[in-house]
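Below you'll find the structure, written out as structure tokens, and then a few comments.
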Amino acid sequence: MGKRIIVDPITRIEGHLRIEVEIEGGHVVDAWSSGQMFRGIEMILKGRDPRDAHHFVQRSCGVCTYVHAIASVRAVDDAFNVKIPKNARLIRNMLHGAQYLHDHLVHFYHLHALDWVDVVSALQADPQKTAALADSVSGADVGGAVYFKSVQQRLKTFVESGQLGPFANAYWGHSAYKLPPEANLMACAHYIEALRLQARTARLHAIFGGKNPHPQSLVVGGVTCQASLTADHIAEFLYVTKETQAFVKNVYLPDLLAVASFYKDWGGIGGTRNFLAYGDFPLTEKEPESLYLPRGVIMKRDLGKVDMVDQAKITEDVTRSWYEPGSPKHPYEGETKPLAEDPKYEPSKGKYSWLKAPRYDGASCEVGPLARVLVAYGKGHKDIKPLVDKALTQLSIPATALFSTLGRTAARCIETVAIGDALQEWTMELVENIKSGDTKTYEPYEIPESGRGVGLNDVPRGALGHWVDVKDKKIHNYQYVVPSTWNLSPRDGKNQRSPVEEALIGTPIADPKKPLEILRTVHSFDPCIACAVHVIDPHSNEVYKVNVI
Amino acid sequence: MDKKEQFYQRLEQRGVSRRDFMRYCTFLTATMGLSASFVPKVAEVFAAPKQRPPVIWLNFGECTGCTEAMLRTVYPYADELVLEILSVEYHETIMAAAGHQAEEQLQAALEKHSGKFICVAEGAIPTKYNGGYGRIGGRTFLEIAQEVIPQAAATICIGTCACFGGVPAAKPNPGGYMGVGQALKMKTINIPGCPPNPVNLVGTIVNYLLLGKLPAVDDMGRPLFAYGKTIHDQCPRRSHFENEEFVEEFGSKEAALGYCLYKMGCRGPETYNNCPVAKFNDGTSWPVEAGHPCIGCSEPDFWDKMTPFYEEF
Ligand code: SF4
Ligand code: SF4
């Protein structure tokens, strides 16, 4: 048996995640992913008013703050049989599109970049050369030697203060960092730019949602921001979208390609085989036909065969999760029965996570930007296919390199470009619709005695589904299967690994004491663990403390 | 060039004039209920702190929304908070170190700054079964809180979960979740909201840096400058309430006219917070402005006491 390494906490994610790997001959040969926190929102929802559900579930995650709310109102709209008006559909799409712009930017620069960018090396850069590099790759409107010098000076002052704050004790100087100092300085400058930009981008949610995080204008039947639908608010929304999109195209995409060109070997590391996308952004009332990001499933990397998703084929398995044994169940029948004894962390043979194991037609599937982009690519999407082809050509890598950590990170950026453009079109469509005299934002309804509903959407981290069962006008059962549960689940009854466990296998590890490479692949999935574990157990867990060896 | 000049120069490079900046400081000073003579001092706190005060930020049973809210601050932007104003020694969402190195970093910060750091706590603490519902590096949230918080110079709870238990403590609260103060049986400064307005945290920290003490609080530990009045008392729709002009259905003519949301379930009358004046995201809006009733998200137990949200109180 090889060496075991545990990384806990995995930082720069949302929630509490533990990753354990086994290493032999400098490579990962096995991996286990474990969710470490439980709150119990599904249990808390039982017996409550279905119209309130979206406020509760929205608090599953404060990072992608809007996504559970929209999945939930869609599920309840469905259960109540309400058809929302066109303006409501457009505004919901606009807020959701804004979520993508914001979330992917923050992920790339603030949660993922430090896996590729060595901040300390940036101190050695020649600002003149950095400026030249930046001019050659990016269209950023802020740059030049003076600017990069001031950023470097700022970092130097910071480092010399001896108070390294969040940059302390990291893997700086690690041999797996490949960027020259100039590229590191450029990336550091953009890290700071993006930190500021995201605060402005978040205003998109505030304009029609009252605030961000956790916007508050979505309701079953539509949206409430009717009085805000004025010319100046719409113009503001368009302006902030354009400002963000300019950064996405002029800085984010060029940075991604520049960084990727030094890490092409990661086009062969961190891949999985099956991909599932529910798709999102209905462009008409018809779903799934009109979804801007298409729905589909790809098995065994066969891009030539994109099948339609059948939600009835989704099940959750609990064999290796801390729940009472039971057969895999569809979410409408889903239940949550925590073990009646103290759960033990036993990755090798027993149970080891609070995440259940979702499977599609019995198979584990990756969800998220890569799945969406592959489905779109396989279907010859008019906006996404050319973007993918251009990136592949620019990096001179084959399409098969998409099945990787690099591909996942690139897909996130590619879809941001496409959605940012589409978002502006939807905003103009809203203008035209209001101009035509249609100001309706809400469809009144009667609460039925009983009903079932499903809300499927695809959110920055991947395919998200909420299932609600209403009885006596109250929530009888509520289950949601979230992207990080798909990607970071434990093994199932057939001993199939989850996507992240599969992706880690073969990862080279230069220094087991500093497992930087593990972070690269794990972060490329953009884990969101509080969101993935929303059930709760009533028993304690043995203290099992292991550090990285 | 001194640090203060550098600061202004950087602000100006970013298209923020000194005047805009001073206007923000005036706003913050007013939010904190301080007299105008404090404005230049507030500016100074941002411009050139002599030694950046250490902060340890702990994430417990949360959704990270409060951290996200904090990242939305403007003047100071988050990078200024992190690089120039505070010294954030530990914060899992932004820190570069992971795993063993992250745990080491926490221990090193504790050794170096014991008795001197500000602890910001985000998220509620599960207490049933020895706190076994939440672990970091194999230790429970409760163990970590018990180790770190007693060593802090001050503990600020950010968000309704850390203050009062929040969503995981909603009925039936299967995990025995509690606010941090309650779990540790001690008093904390509480900045509730789900999530709270970052202005209220920044205001509290600036108050501390400026006056060397935490701001005056009510009996629930909430700074009076932010939580001294109800939403209703500050609401721009208040005249409609007085005139009995109510929205009775979303999407109606009355909704389009921006009438009072009381009959749609607005909890503004029972909720203490400064949303209508501070607004969110650089003063862009707040929920009632977006046509949605206040759900009372900064009150203790609001998930149980204020629901069903869409029924008149
Ligand atoms: S909208 Fe709410 S807070 Fe405003 S006046 Fe009406 S009841 Fe009061
Ligand atoms: S208006 Fe009410 S619900 Fe909305 S943020 Fe303020 S306190 Fe929370």
Side-chain angles (χ1 to χ4, degrees), chain A residues 7-11 14 16 36-40 43-44 49 51-52 55 59-63 65 114 158 163 165-170 192 195-196 199 202-203 206-207 209-214 216-217 219 224-228 441-442 444 519 530 536 538-541 543-545 547-548, chain B residues 52 61-65 68-69 72 74 77-79 82-83 87-89 91-102 104-105 129-130 132-138 167-168 170 174-175 194-195 249-251 255-256 258 280-282 284-287 289-292 295 307-310:
Chain A
V7 188
D8 178 9
I10 296 276
T11 49
E14 190 278 337
H16 304 280
Q36 294 276 309
M37 185 196 73
F38 327 95
R39 288 181 298 167
M43 288 172 73
I44 289 166
D49 188 324
R51 294 171 300 168
D52 288 352
H55 291 290
R59 271 71 187 184
S60 300
C61 181
V63 178
T65 70
L114 302 182
F158 176 76
Q163 293 181 292
F167 298 130
N169 210 27
I192 294 171
L195 202 49
R196 294 185 172 209
R203 289 181 53 221
I207 294 167
K211 67 189 175 92
N212 167 287
H214 300 328
Q216 195 166 314
S217 69
V219 283
T224 66
C225 53
Q226 198 179 5
S228 305
T441 52
Y442 178 80
L519 292 185
I536 199 152
H539 300 281
S540 78
N541 185 352
V543 175
Y544 179 86
K545 184 166 162 63
N547 284 334
V548 174
Chain B
R52 288 181 288 129
E62 39 85 323
C63 74
T64 318
E68 287 287 328
R72 311 290 188 264
V74 288
Y77 276 105
D79 60 297
V82 169
L83 296 178
S87 183
V88 182
E89 303 288 314
H91 189 318
E92 284 166 28
T93 319
I94 56 171
M95 70 195 294
H100 187 45
Q101 280 84 358
E104 263 176 22
Q105 170 62 10
Y129 309 102
N130 303 317
Y133 299 151
R135 285 199 154 87
I136 301 163
V167 70
C194 193
E249 184 174 272
F250 292 126
F280 291 88
N281 306 93
D282 200 9
T284 303
S285 188
W286 68 290
E289 192 171 323
H292 194 287
I295 60 170
T307 47
F309 290 128
Y310 298 99

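Lettering of chains follows the sequences in order, A, B, ..., and the numbering in each one begins at 1.
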message = Less than 4.5 Å to any heavy atom of chain B: does that hold for the side chain of A:Thr441, its backbone, both, or neither?
response = side chain
remark   = Honestly, the part of A:Leu114 sitting under 4.5 Å from a heavy atom of chain B is side chain
Using every non-hydrogen atom in the two residues, find where [X] and [Y] come nearest and quote the distance to one decimal.
X: B:Val82; Y: A:Phe158; value: O-CE1, 3.8 Å
X: A:Tyr442; Y: B:Phe250; value: CD2-O, 3.0 Å
X: A:Arg203; Y: B:Asn281; value: CG-O, 3.6 Å
X: A:Thr224; Y: B:Ala290; value: OG1-O, 2.7 Å
X: B:Pro308; Y: A:Asp52; value: CA-OD2, 3.0 Å

ask   = Under a 4.5 Å cut-off applied to non-hydrogen side-chain atoms, are A:Ile192 and B:Leu83 in contact?
value = yes
Side-chain heavy atoms of A:His214 within contact of B:Phe280, under 4.5 Å = no
Chain A contacts, top residue of B:Ala69, B:Gly258, B:Ala256, B:Ala78 (heavy-atom pairs, under 4.5 Å) =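 Heavy-atom pair counts peak at B:Ala256.
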task = Sort out for me which of B:Ala255, B:Ala102, B:Ser87 touches chain A most, counting heavy-atom pairs under 4.5 Å.
result =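 Greatest number of close heavy-atom pairs with chain A: B:Ser87.
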message = Can you tell me how far apart CD1 (A:Ile10) and CD (B:Glu92) are? Round to the nearest 0.5 Å.
response = 11.0 Å
inquiry  = To the nearest 0.5 Å, what is the distance between SG on B:Cys194 and NZ on A:Lys211?
reply    = 6.5 Å
message = Can you tell me which of A:Ala227, A:Cys225, A:Ala199, A:Pro213 forms the most heavy-atom pairs within a distance under 4.5 Å of chain B?
response = A:Pro213
ask   = Between A:Ala202, A:Ser228, A:Gly209, which shows the greatest number of heavy-atom pairs under 4.5 Å with chain B?
value =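 Of the candidates given, the most pairs with chain B belong to A:Ala202.
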query = Are the side chain of A:Ser217 and the backbone N or O of B:Gly291 linked by a donor-acceptor pair below 3.5 Å?
reply = no
key: Donor-acceptor pair, side chain of B:Arg72 and main chain of A:Asn212, under 3.5 angstrom   = no
Residue B:Glu249 versus chain A: region with a heavy atom under 4.5 Å = side chain
message = According to side chain to side chain donor-acceptor pair (under 3.5 Å), who are the partners of B:Glu289, at least two apart in sequence or on a separate chain?
response = B:Lys279
message = Among residues at least two apart in sequence or on other chains, which ones pass ring-ring contact (aromatic ring centres under 6.0 Å, His included) with B:His292?
response = A:His55, B:Tyr310
